[in-house]
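Structure, as structure tokens:
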Amino acid sequence: MAVTLLLDPPGAGCVLVRQSPLAELCACLHALDEPGHHPASAGYVARTHAVLDSGLLATAAAWAPLWGAFRARYLLPVSAGPRRTLAGELREVAALPIGDFTAMTVQALIGKNDTDLGPELSDEVLHRLRLISTSRMEIGARLRADPEGFRGELLGFLADFAAVAFDEEWPALRPVLDRDAALRERELRRRGALALAGFPTASAPPDGPMSGPVSGQVNGQANGRPLRIVFDKLYNATARVDADRPCLIVPTVHGRPHFVIKHFPGYPVVIQYGADDGGPATPSLEAARRRLAALQDPTRLRLCYAILRNPVATAELATQLGMTAPQVSRHLRRLREAQLVHTHRRGSVVYYQLDAEAIERLGPDLLSVLYR
């Protein structure tokens, strides 16, 4: 399954890098609700528990489905304007047509990009929410009873939470986001919209048949189809990106390792991705598959054991394992292609040593891939 973006034209002009204090605030709230998904945010979570009173903590837990992994579209930038303040973004949410606000909320509660959802919450929708969880049904019932009051309460909570647990955090986050945004903008200038294919879950395949509901009308260019960027996700959808409906890429610190794509008719497509903090890069899905496949072979596991503690030459490994040097070389090549070994040369002899850190990270890396 995949989310496909159709970019027409394929230049950089329809893809914009934007920082969003509101998006980062909600990433913080998600990390607070699901700290096991966000070990890098453990310090922030601990500091927040120390300063929040029980009332704010309880309210944060009650609203949590709105900023879960499938978060409400309005908690990411709803316009393509330049850098803004949290207060400005909250005002934009307050100004949304109430029908759009309601449908975006129901999307988050159901966990599905269903653009057919209307502004009214039917009994059928409430029944679907009840099947998911009682807490989501209760949020849906509150929304149906008083949509404007619901929005006012939510925005009031976000402002109150930010005053206690985010306003002091944001100045420390902005330099990290600024550095990452500068790198993304440089890549967009160099490669145009094709730079989106550089995200870990993305690819730019040759033109082919498309599947999934289309968010926005899709028309081919006169000289061929628009650029297609495909993201490996857990549902099928297609959204068009053009000069009237840009794609905003929004870096996050506390949102790692999630990779979020949101699209709603009439609003920019938004991609929220983990900013590079200088630590080890999270591998792509294909890299994780390659590493797991490399370790499935019993002979390669024996090789890993042999080169774990010390670097060993190919000829010595062949002697230890009772194999020919070419056989050992083929297995070592698979480990090297999977980036699981270090090599260094002494004269004409190449020595191999297992990358113990890469092996140790394989579990967390796989989880990061799945969380995206």
Side-chain angles (χ1 to χ4, degrees), residues 18 20-30 33 59-81 84-130 132-133 135-162 166 213 215-216 235 237 239 244-248 250 255 260-272:
R18 290 291 183 262
S20 170
L22 176 58
E24 194 63 27
L25 167 62
C26 292
C28 290
L29 282 160
H30 177 62
D33 185 59
T59 305
W63 291 106
L66 299 182
W67 42 77
F70 201 101
R71 64 201 52 180
R73 171 63 187 85
Y74 50 74
L75 298 178
L76 294 153
V78 295
S79 69
R84 67 203 73 187
T85 64
L86 175 61
E89 289 195 285
L90 293 177
R91 284 194 296 271
E92 283 191 310
V93 178
L96 289 176
I98 195 61
D100 289 355
F101 175 85
T102 299
M104 291 176 183
T105 303
V106 175
Q107 277 191 350
L109 294 175
I110 291 177
K112 184 178 180 182
N113 272 319
D114 188 347
T115 56
D116 293 330
L117 291 169
E120 302 295 330
L121 270 79
S122 64
D123 290 341
E124 180 186 356
V125 170
L126 287 179
H127 178 67
R128 287 175 68 182
L129 293 176
R130 183 176 65 81
I132 298 170
S133 73
S135 62
R136 290 177 187 245
M137 185 199 68
E138 290 172 350
I139 293 174
R142 289 170 58 195
L143 177 63
R144 183 165 78 167
D146 183 5
E148 289 288 4
F150 178 98
R151 174 161 59 181
E153 287 182 38
L154 173 62
L155 296 179
F157 164 75
L158 291 172
D160 290 345
F161 181 93
F166 181 73
S215 176
Y235 62 95
D244 295 324
R245 191 197 189 191
C247 175
L248 310 181
V250 180
V260 177
I261 304 176
K262 300 298 294 183
H263 48 91
F264 191 92
Y267 295 87
V269 175
V270 178
I271 295 173
Q272 187 183 40

Just verifying a value: how many Å separate [X] [atom1] and [Y] [atom2], rounded to the nearest 0.5 Å?
X	Y	atom1	atom2	answer
I261	C247	CD1	SG	8.0 Å
R142	D146	CZ	CG	10.0 Å
R18	I271	CZ	CD1	14.0 Å
F150	L143	CZ	CG	5.0 Å
T105	R151	OG1	CZ	9.0 Å
L75	E24	CG	CD	13.0 Å

Within the 4.5 Å heavy-atom criterion, are [X] and [Y] side-chain neighbours or not?
X	Y	answer
Q107	F264	yes
V250	P77	yes
L90	T85	no
R71	Q272	yes
I110	V125	yes
E148	F101	no
R130	R136	no
L25	W67	no

### Task
Check A80 against P268 and note the closest heavy-atom contact, atom names and distance.
N-CG, 4.3 Å
### V269 to A239 - nearest heavy-atom pair and separation
CG2-CB, 4.1 Å
### Query
In a check of side chain to side chain contact (heavy atoms under 4.5 Å, CB included) between L126 and each of V106, L121, L109, which one passes?
L121
#### Entry: Any side-chain donor near an acceptor of the partner, Y74 and D100, under 3.5 Å
no
### Message
Y267 vs R245, test: side-chain contact (heavy atoms from CB on, under 4.5 Å). Steps then yes/no.
### Response
CA-CA 7 Å; Y267 295 87; R245 191 197 189 191; 5.9 Å; no
### Message
Using a strict threshold of under 4.0 Å (side-chain N to carboxylate O), is an ion pair present between D123 and R144?
### Response
yes
### Task
Sorted by first residue and then second, give each salt bridge (Lys or Arg N to Asp or Glu O under 4.0 Å) pair with at least one member in residues 85-96; sequence neighbours left out.
R84-E92
### Task
With side-chain contact (heavy atoms from CB on, under 4.5 Å) as the test, would you mind laying out the steps for L29 and F166 before giving the verdict?
CA-CA 10 Å; L29 282 160; F166 181 73; over 6 Å; no
### Task
Could you walk me through whether F70 and K262 pass side-chain contact (heavy atoms from CB on, under 4.5 Å), step by step?
CA-CA 9 Å; F70 201 101; K262 300 298 294 183; 3.1 Å; yes
### Query
Looking at the rings of W63 and F161, which for Trp means the six-membered one, are their centres under 6.0 Å apart?
no
#### Entry: Steps toward side-chain contact (heavy atoms from CB on, under 4.5 Å) verdict (L76, L248)
CA-CA 10 Å; L76 294 153; L248 310 181; over 6 Å; no
